[in-house]
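To find a chain, count down the sequence lines: A is the first, B the second, and so on, and within it residues start at 1. No experiment lies behind these values; they were computed from the predicted model shown.
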Amino acid sequence: MSTEPLPSVPAPSDFIRDIVAGHVAEKRYAKIVTRFPPEPNGYLHIGHAKSICLNFGLARENNGQCNLRFDDTNPVKEDLEYVESITADVQWLIAGWAEHCLAFKPKGAHPALITSNGQPDYYLGPVAPTALTTEPFFASDYFDQLYEYALTLIRKGQAYVCDLTPEDTEKYRGAPDHPGKDSPFRNRSVAENLDLFQRMKAGEFPNGARSLRSKIDMTSPNMWLRDPLLYRIRHVPHHHAGDKWCIYPLYDYAHCLSDYLEGVTHSVCTLEFVDHRALYDWVLTSLDLPRTLPHQYEFAKLTPGYTLVSKRKLLTLVNEKVVAGWDDPRLPTLSGLRRRGIPASALRRFVTSVGVTKFDSLTDIAVFEHAVRDELNQVALRRLAVLQPIKLILTNLAADEMIECDATNNPQSETPTTRRVALTREVFIEADDFAEVPPPKFFRLKPGGEVRLKYACIIKCDELVKDAAGRITEIRCTADLTTRAGGANVARKVKGTLHWVSAATCFDAEVRLYDRLFTVPEPAAEEDFLKVINPHSLTVVTAKLEASLAEANASERYQFERLGYFSLETKTAEPGRLIFNRTISLKDTWAK
RNA sequence: UGCCUGAUGGUGUAAUGGUAGCACAGGCGACUUUGACUCGCCUAGUCAUGGUUCGAAUCCAUGUCGGGCAGCCA
């Protein structure tokens, strides 16, 4: 498949790239290191694509690296299924573009204790490029080091074991508009804290009985500085770390340190973490770490119209069987988009085109559709297919006559190639392309009218054959063979050109037509998003396809002329029975 | 009555004290053996009020409106 989009895309520019460029100019870091840190508790979606392209783009444009790291600190919500799908989706999205920046680590590797700037320091060190013996990074691989760091914090008097119940912890925290108050356990001795924390780790206490808390400021106007929890007790096995642990670190504690361990320089996340940045910095600076610290930068996440980007809501759609699974082609999941036939390059172009800012916006889905059409227009093979067939007889052709016509495979190609399509007495055209009583400016086929059958010749509609109910069963026309390519009257112009297939050589195949899943631009703002589902998001038809499509292959993209872009469905197709998914329709300015 | 953060055409995004530009969408037209593509033209914007300045989208003040923050989720 194609890799780089044909026209060279100008290097994107945004406030984060500007910050990094400044750091590069002043040589602040030896190498720019970013990371994409999903929690393996759901499938990646189009919103993640923006983050992936930003993080990998930063690495790519600065000869740096980007780590795929699973933020797997909450085993009760996570699953191996998700680490596998996420890994595959990331690799698909960056293939041919930034795969050389994707850093994996040797399988099973953990950070080792080394000496940095004369101080003991855990550091994962330079990572190997992707190979058979490598794997993504996992925050859970740092649990030992994180535990050691927690001990350090306790010894420095900056963390304590708290016996408050979850409910009381919440009460003591106060609210945004009034301060919290100190936990009665806040001033335990270092020795007692050390003892209790070690016993937490040893499994002596039940879930929720105690927690390890940072000692910051219960009156801070920033809620995240009111002694946030560092560790909680969870007697559950972990999908990656096994059953070694019954205490698990929380995001704010694990994330900054994971960044540090991996040598991340720029930790880019979305706007809801702005308030957490103070905590990110507090953990890192409290530990007196010897190496350069990572910094967090925030941008607005992507919210495309007419769809949903929330793992929780997407999960609901899957569980409620509104869609057929995480990779349903109607979903904005990366696996759904891929199955639908969206090229990764189009996705990259789209997320790049919307920019990176700190403004919460609703992105017009038309921008996405434009990127997809633009990309597909370059690469798609043109084919003839009829979705809603109606029979048309060329009365001046003999029943066994077969006229070979040259059809262009891709007019966008610099050196277009052709294939043969057969014109026969009996053909199918699109039912929409004929109107007995045409609306104004209708330049398709009508009684007495003329159109060109693409790649063939001009035909004239002579008469209609109807059934008892008055429905048209057959359109009878005369073909003017002198208007064929090479004929005396090729140059003759008619207003309309139709796609068609020969009834003698075409074959039937299932075609799945997808439309937007929701009827409103912002389903997430709805009280109940299940009530604004588009009932027509999937239409299945049996189409008539030109013979050459029998050799269609899954890596190719097709344009069924005048209809849209299609690709082969691989997941649910049975051998010998082709199914096509419509990726997207062609733009239609003839709005009825 | 807290803290953080933001506001530029319909949508998204540039302009970093010096001509408000680009893309998408929309409209009109040209071209067309895809009502696609391509091309041309057009519509339409600096949240408000003050201030600083020769000059403000940009700096300052105040206000308005929006988003986020009270998980032992990330």
Side-chain angles (χ1 to χ4, degrees), chain A residues 13-15 18 37-39 41 71-74 76-78 162 164-166 169-171 173-180 207-213 220-226 228-234 248 250-252 254-255 269-278 298 300 305 311-312 353-371 373-374 377-378 382 384 407-408 411-412 441-444 451-458 483-485 490-499 521 559-564 585-591:
Chain A
S13 164
D14 54 65
F15 80 99
D18 289 348
E39 182 188 16
N41 66 344
D71 227 330
D72 55 349
T73 57
N74 187 7
V76 314
K77 288 190 175 179
E78 298 158 8
C162 182
L164 249 27
T165 62
T169 304
E170 190 185 330
K171 283 183 196 133
R173 186 153 36 227
D177 57 356
H178 67 267
N207 290 347
R210 291 182 215 267
S211 64
L212 183 73
R213 292 236 249 164
S220 172
N222 181 344
M223 296 296 290
W224 290 102
L225 258 23
R226 321 248 261 224
L229 275 73
L230 268 23
Y231 273 90
R232 78 294 222 177
I233 300 173
R234 287 279 178 278
Y248 292 96
L250 277 105
Y251 167 83
D252 290 291
H255 198 93
C269 62
T270 47
L271 251 28
E272 63 266 33
F273 293 101
V274 170
D275 290 334
H276 297 239
R277 190 173 59 233
E298 312 87 8
K311 282 189 195 170
R312 206 200 93 239
S353 74
V354 300
V356 179
T357 65
K358 301 180 86 136
F359 178 63
D360 271 306
S361 59
L362 183 66
T363 298
D364 192 339
I365 196 65
V367 178
F368 170 70
E369 296 175 342
H370 176 261
R373 290 192 179 106
D374 205 37
N377 180 42
Q378 306 298 316
R382 300 322 120 114
L384 297 177
T408 306
Q412 303 292 321
K441 295 191 67 177
F442 182 85
F443 42 85
R444 276 112 103 144
V451 293
R452 177 176 284 279
L453 291 185
K454 184 145 194 191
Y455 304 126
C457 60
I458 292 174
T483 59
R484 290 186 56 211
V490 232
R492 230 186 97 202
K493 305 288 181 200
V494 283
K495 198 65 177 155
T497 299
L498 309 185
H499 59 279
Q559 183 198 98
F560 292 175
E561 296 213 39
R562 302 210 307 132
L563 295 172
S585 65
L586 244 34
K587 191 174 167 186
D588 184 10
T589 46
W590 168 249

For this session: Scan Tyr231(A) against the nucleic acid and name what it touches under 4.0 Å (heavy atoms): base, sugar-phosphate only, or nothing.
Result: nothing
Problem set entry | C1' atoms of A36(B) and A30(B), separation to the nearest Å | 16 Å
Problem set entry | For Thr270(A), all residues meeting side chain to side chain donor-acceptor pair (under 3.5 Å), sequence neighbours excluded | Glu272(A)
Exercise. Looking at residues at least two apart in the chain, or sitting in another chain, which of them share a salt bridge (charged side-chain N to carboxylate O under 4.0 Å, His left out) with Glu78(A)?
Worked result: none
Problem set entry | Residues which pass salt bridge (charged side-chain N to carboxylate O under 4.0 Å, His left out) with Lys171(A), listed by chain and number, not counting sequence neighbours | Asp168(A)
For this session: Answer with base, sugar-phosphate or nothing: what part of the nucleic acid does Ser361(A) contact at a heavy-atom distance below 4.0 Å?
Result: sugar-phosphate
Problem set entry | Closest-nucleotide 5' rank along RNA chain B - winner of Thr357(A) and Val274(A) | Val274(A)
Exercise. Reckon His255(A) touches a base, only the sugar-phosphate, or nothing at all at heavy-atom distances under 4.0 Å?
Worked result: nothing
Exercise. Which ranges of RNA chain B pair up as stems, where a stem means three or more consecutive Watson-Crick or G-U pairs with both distances under 3.5 Å?
Worked result: B:2-7 with B:64-69, B:10-13 with B:21-24, B:26-30 with B:38-42, B:47-51 with B:59-63
Exercise. Using atom C1' of each nucleotide, how far apart are C59(B) and U16(B) to the nearest Å?
Worked result: 11 Å
For this session: Not counting sequence neighbours, which residues clear salt bridge (charged side-chain N to carboxylate O under 4.0 Å, His left out) with Arg277(A)? List them please.
Result: Glu298(A)
For this session: Would you mind classifying the nucleic acid contact of Tyr455(A) as base, sugar-phosphate or nothing, using non-hydrogen atoms under 4.0 angstrom?
Result: base
Problem set entry | Pairwise C1' distance, C54(B) and A61(B) [rounded to whole Å] | 23 Å
Seminar exercise, completed: With sequence neighbours left out, the residues meeting side chain to side chain donor-acceptor pair (under 3.5 Å) with Glu561(A) are Lys454(A), Tyr455(A)
Exercise. Can you pull the contact range of chain A along RNA chain B, 5' to 3', using atoms under 4.0 angstrom from its heavy atoms?
Worked result: G2(B) to A74(B)
Exercise. Which part of the nucleic acid, if any, lies within contact of Glu561(A), taking any heavy atom under 4.0 Å across all strands shown: a base, the sugar-phosphate backbone alone, or nothing?
Worked result: base
Problem set entry | Between G27(B) and U64(B) - P atom distance, rounded Å | 40 Å
Problem set entry | For His276(A), all residues meeting ring-ring contact (aromatic ring centres under 6.0 Å, His included), sequence neighbours excluded | Trp224(A), Phe273(A)
For this session: Between A44(B) and C3(B), how far apart are the P atoms? Round to whole Å, please.
Result: 42 Å
Exercise. When we call it a touch if two heavy atoms are under 4.0 Å apart, what does Ile458(A) touch: a base, just sugar-phosphate, or nothing?
Worked result: nothing
Exercise. Counting any heavy atom closer than 4.0 Å, what does Arg234(A) reach on the DNA or RNA strands: base, sugar-phosphate only, or nothing?
Worked result: base
For this session: Only counting residues at least two apart or in another chain, list the ones meeting side chain to side chain donor-acceptor pair (under 3.5 Å) with Asp14(A).
Result: Arg17(A)
Exercise. Counting any heavy atom closer than 4.0 Å, what does Ala366(A) reach on the DNA or RNA strands: base, sugar-phosphate only, or nothing?
Worked result: sugar-phosphate
Exercise. Any idea if G71(B) is syn or anti, going by the 90°-from-0 cut?
Worked result: syn
Exercise. For RNA chain B, whose closest nucleotide is more 5', that of Trp224(A) or that of Lys358(A)?
Worked result: Lys358(A)
Exercise. Expressed in whole Å, how much space separates the C1' atoms belonging to U1(B) and C47(B)?
Worked result: 25 Å
